[in-house]
Amino acid sequence: MDWEDVKDFFEKIWAQISPWFLKFFKTTTANLAESLKDIATVVVEQLEAGNLTSSEKQAAAFEAIVAAATSEGIEFTEKSVNLAIEMAVAILSDATTTDTSTSTTTDSTDSTESTTTTESSTFAASE
């Protein structure tokens, strides 16, 4: 058995198990992000009103979530914290859009005017 045979052997093994590893890590990141979702939502909501750029908000949110997760003993990875931030932004964006949507109708003798106003505030808005 030479080096090429050993290499081929391990490449075949890796080809068989790599999909499982990828699925495991994707699932793990999603699960960790889910466990951080509530913390992230509170942090992002607090930072949303501030006068920071989107990159400053991202950095501040990341630091605050890591600190909270560490103090509460919640396991996390860099990717799961970033995913939790994105989840929180989406949740708050959906809630803001739903809460601030108004529909008014004004009747007059000749016509009906209908106006819909939607305000949306996103954490990662362009600067």
Side-chain angles (χ1 to χ4, degrees):
M1 184 177 246
D2 66 352
W3 180 247
E4 286 299 315
D5 292 337
V6 172
K7 181 181 165 193
D8 289 341
F9 173 76
F10 283 108
E11 285 177 350
K12 288 177 184 176
I13 289 176
W14 180 248
Q16 294 297 315
I17 63 173
S18 63
W20 180 83
F21 275 109
L22 292 174
K23 183 177 178 180
F24 172 78
F25 287 117
K26 286 180 184 177
T27 303
T28 300
T29 298
N31 288 339
L32 292 175
E34 183 67 31
S35 69
L36 297 170
K37 180 180 68 177
D38 292 338
I39 295 170
T41 302
V42 170
V43 168
V44 168
E45 189 170 35
Q46 291 171 348
L47 290 170
E48 206 169 39
N51 195 18
L52 301 172
T53 66
S54 60
S55 59
E56 290 170 335
K57 289 177 185 179
Q58 168 70 23
F62 188 92
E63 290 175 18
I65 293 165
V66 166
T70 301
S71 72
E72 294 182 26
I74 299 172
E75 187 179 347
F76 63 90
T77 63
E78 181 179 340
K79 288 180 182 181
S80 65
V81 173
N82 288 326
L83 182 56
I85 291 169
E86 292 301 321
M87 290 169 59
V89 169
I91 290 167
L92 292 171
S93 178
D94 287 347
T96 302
T97 300
T98 302
D99 291 345
T100 61
S101 292
T102 58
S103 182
T104 55
T105 303
T106 305
D107 291 324
S108 67
T109 45
D110 294 324
S111 66
T112 301
E113 181 183 337
S114 187
T115 306
T116 302
T117 305
T118 303
E119 296 176 10
S120 179
S121 174
T122 59
F123 184 71
S126 62
E127 299 164 65

Return the minimal non-hydrogen interatomic distance between Ala61 and Val43, and the atom names on each side.
CA-CG1, 3.6 Å

Can you give me the closest heavy-atom contact between Ala84 and Ala33, atom names plus distance?
CB-O, 3.8 Å

Pairs meeting criterion salt bridge (Lys or Arg N to Asp or Glu O under 4.0 Å) with involvement of residues 65-81, two or more places apart
none

Not counting sequence neighbours, list each pair that qualifies as a salt bridge (Lys or Arg N to Asp or Glu O under 4.0 Å) and has a residue in residues 29-41.
Glu34-Lys37

Going hydrophobic residue to hydrophobic residue with side-chain gaps under 4.5 angstrom, can you get from Ile91 over to Leu32?
no

Interatomic distance, [X] atom [atom1] to [Y] atom [atom2] [nearest 0.5 angstrom]:
{"X": "Ser93", "Y": "Glu48", "atom1": "OG", "atom2": "CD", "result": "8.0 Å"}
{"X": "Ile65", "Y": "Leu36", "atom1": "CD1", "atom2": "CG", "result": "7.0 Å"}
{"X": "Ser54", "Y": "Leu47", "atom1": "OG", "atom2": "CG", "result": "12.0 Å"}
{"X": "Ile85", "Y": "Gln58", "atom1": "CD1", "atom2": "CD", "result": "4.0 Å"}

Please list, chain by chain and in numerical order, all residues satisfying side chain to side chain contact (heavy atoms under 4.5 Å, CB included) with Val66, sequence neighbours excluded.
Phe62, Thr70, Phe76, Val81

Just jot down the side chain to side chain donor-acceptor pair (under 3.5 Å) partners of Glu56, sequence neighbours excluded, or say none.
Thr53

Just jot down the side chain to side chain donor-acceptor pair (under 3.5 Å) partners of Ser35, sequence neighbours excluded, or say none.
none

Rest of the hydrophobic cluster containing Leu83 (Ile/Leu/Val/Met/Phe/Trp/Tyr, side-chain heavy atoms under 4.5 Å)?
Met87

